[in-house]
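Please read the structure below before turning to the comments.
Below, chain A is the first sequence line, B the second, and so on; all start at residue 1.
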Amino acid sequence: METLLAFVIGGLYAAGAYMLLRRNLVKLIIGLALVSQAANLLIFTSAGLTRAHPPLVDQYHQRLIEPHADPLPQALILTAIVIGFAILAFALVLFRCAYQTAGEDDLDQMRSTDL
Amino acid sequence: MNNLVALPILIPLLTASIAMVGWRSRIFQRVVALVGAALLLGCSLALLYQSSTEGIQVLQMGAWIAPFGISLVADLLSSIMVVITGLMGLSVLIYSLASNNPEYENFGYYPLMHVLFMGVNGAFLTGDIFNMYVWFEVMLISSFVLLSMGRKRSQMEGAIKYVTLNFLSSGIFLAGIGIIYGVTGTLNMADLSVKLADADPNLTILLSVLFLIAFGIKSGVFPLFFWLPASYHTPPIAVTAIFASLLTKVGVYSLIRVFTLIFIAEPEFTHHLLLFIAGMTMLTGVLGAAAHYEIRRILSFHIISQIGYIVMGLGLFTPLGLAGSVFFLVHNIIVKTNLFLVGGVINRLRGSYHLKKLGGLYELNPMLGILFLIPAFSIAGIPPLSGFWAKLMLIKGGLDIEAYVVVGVALVVSILTLYSMTKIWDQAFWKPEPDTSPARPDKPSAFELSLWLAPVILLAVITVVMGLFPAVFFDIAMRAGEQLMNPAEYIEAVLGQTP
């Protein structure tokens, strides 16, 4: 399972990097979304996958017994998803404003601040 | 347990909320924002006093014992940074009373500034690496809005670059956090410092590079700084000034924190890499500045160059080097902000930031000339101003461990900095006013001008005081440097036991 997820994460990063390097504003946003999802999956995978052992104390024990899934990474991912979502939503509005102001969605034409 | 540690985060939050409630009234927002900033400064001074007399102050949020809950930690470096945030917040808010376009004030300028201070203070005070990510995002989202407020084309273009690269950097930071949690099973920085000592050194190096890239983008070091000169000169000048004083410095603070607390096992690799980066950052920044003729762009490139000095102290990795970094951080934040503020006054008086269109300012307002010269000489490192002592500490620290190359670079860059500053002086103040200069804006009233100049004078006085009485500041910087070089103290304060 870890191996499969590792390939999925690698694929997401690769696709994200490719999209980030495109000149179109919309593709740039898609790239950002892909990269942030890849990071979330990376947290999920690197913390270790434990299947079918929820972190709950059953009626026969007083405390958690190994093996059990770690709930913390999922809490982290939840936070990261919410933050990433908020920033992406802001970026979408910003890029739309930029498109309206500049009349342009080609990043190569937006170089007036670099010169 | 000390609840004072949480106040630098709570006060801006409360101020922002109250200011939002009265968003229809500009006067109400102004009063609330100023009172909040003054309270923040007072409270952070109290925190600095406590942490310097009683040692590192720790607050475990919700009384969850470290490393299970989130700890807020105020050691000397954190407290100093919180004080400087309060000081910059207050001066820039006073400045924006005069400089701001009323439209921005109706648009939530003051609440946004306070949310920014909350994020910055949170990042300085937290002792938890994931919590630091959250504070970074709080800070970033408010900076995004402040940067794009006004919707000019240049602002939009700058904001796209700023948002994209900072979002990417947060993604890398998050990936680093994921892997570090997978390796150690903890997120508390003090606990990480203990547990990472036993980890596979190759993995530690990989992790340190991930964090170096993430924080490197945020602090604008070579070769990751390109978003900075492309975006910092586009927003209103008060926003540029607060960005210049705080945002990149949060990145540098994080670099100092993780490379003195967490990634200390392989200094031959990590800290040599940091020294190389420091040298290159100083050089590229100052050379970029030499090529420009717009005041805000020149100063933006100087931000990068000065970041190099701060990273140099970290790369030296000696108590004196780190003390130099701390002293330089404080000096640089004050002086750099002041230069931007003076730039704003120049624009108010003459209607341009472009050196080719300016001239004759010394004749028009000799006092402004003096107020420009103090931070300009200080940033170039001319005694007896604060920059001289900051550079002296770094260079002495470099010579002590025979890092001659980076010391040489630092000295050459100082001369080039002086060149840039004399360029502004020569072109804007001394040269007769050219025919191409734009029509002069209406003369500001005496009251308006005093609002513009009050924060400039305040920061200039602090620069001179730091220069004339360096012993007090040197002493506290030296103690901060020793505290950073000895992470056991931090770990003991947070975890409550000796490692």
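Per-residue counts of heavy-atom pairs under 4.5 Å with chain B were compared for Ser46(A), Ala91(A), Gly31(A), Ala38(A); the largest is that of Ser46(A). Interface remark: of the candidates Ile141(B), Val163(B), Ile160(B), Ile160(B) forms the most heavy-atom pairs closer than 4.5 Å to chain A.
The part of Tyr133(B) that comes within reach of chain A is its side chain, from C-beta onward, which places non-hydrogen atoms under 4.5 angstrom from that chain. Heavy atoms closer than 4.5 Å to chain A are found in the side chain of Leu187(B), but not in its backbone. Of the atoms belonging to Val138(B), not a single heavy atom falls under 4.5 Å from chain A. Proximity to chain A involves both the backbone and the side chain of Thr164(B), based on heavy atoms less than 4.5 angstrom apart. For Leu25(A), the part lying under 4.5 angstrom from a heavy atom of chain B is the side chain only. For a residue to count as touching a neighbouring chain, one of its non-hydrogen atoms must lie under 4.5 Å from one of that chain's; by this rule Ile83(A) touches chain B with the side chain only. Using a 4.5 Å cut-off between heavy atoms, Leu76(A) contacts chain B through both its backbone and its side chain. Looking at Ile9(A), neither its backbone nor its side chain comes within 4.5 Å of chain B, counting heavy atoms on both sides. Leu28(A) touches chain B through its side chain: at least one heavy atom from C-beta onward sits under 4.5 Å away, while N, CA, C and O do not. Within the 4.5 angstrom heavy-atom criterion, atoms from both the backbone and the side chain of Phe144(B) approach chain A.
Side-chain polar atoms of Ser170(B) and Glu137(B) form a donor-acceptor pair below 3.5 angstrom. Between the side chains of Tyr162(B) and Ser143(B), at least one donor-acceptor pair of N or O atoms lies under 3.5 Å.
The aromatic ring centroids of Phe107(B) and Tyr104(B) lie 6.0 Å or more from each other.
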Practice prompt. Could you check His68(A) against Thr50(A) for side-chain hydrogen bond (donor to acceptor under 3.5 Å, both in side chains), going step by step and ending with a plain yes or no?
Written response: CA-CA 6 Å; His68(A) 63 84; Thr50(A) 315; over 6 Å; no
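Relative to the six-membered ring of Tyr18(A), Lys27(A) misses at least one condition, a distance below 6.0 Å or an angle of at most 45° to the axis.
Considering all non-hydrogen atoms of both residues, Thr186(B) and Pro67(B) come closest at OG1-CB, 4.0 Å.
Aromatic ring pairs are classed by plane angle as parallel below 30°, tilted from 30° to 60° and perpendicular above 60°; the pair Phe215(B) and Phe136(B) is parallel. Ring-plane geometry between Trp227(B) and Tyr232(B) is classed as perpendicular, the angle between the planes exceeding 60 degrees on a 0 to 90 degree scale with a lower cut at 30.
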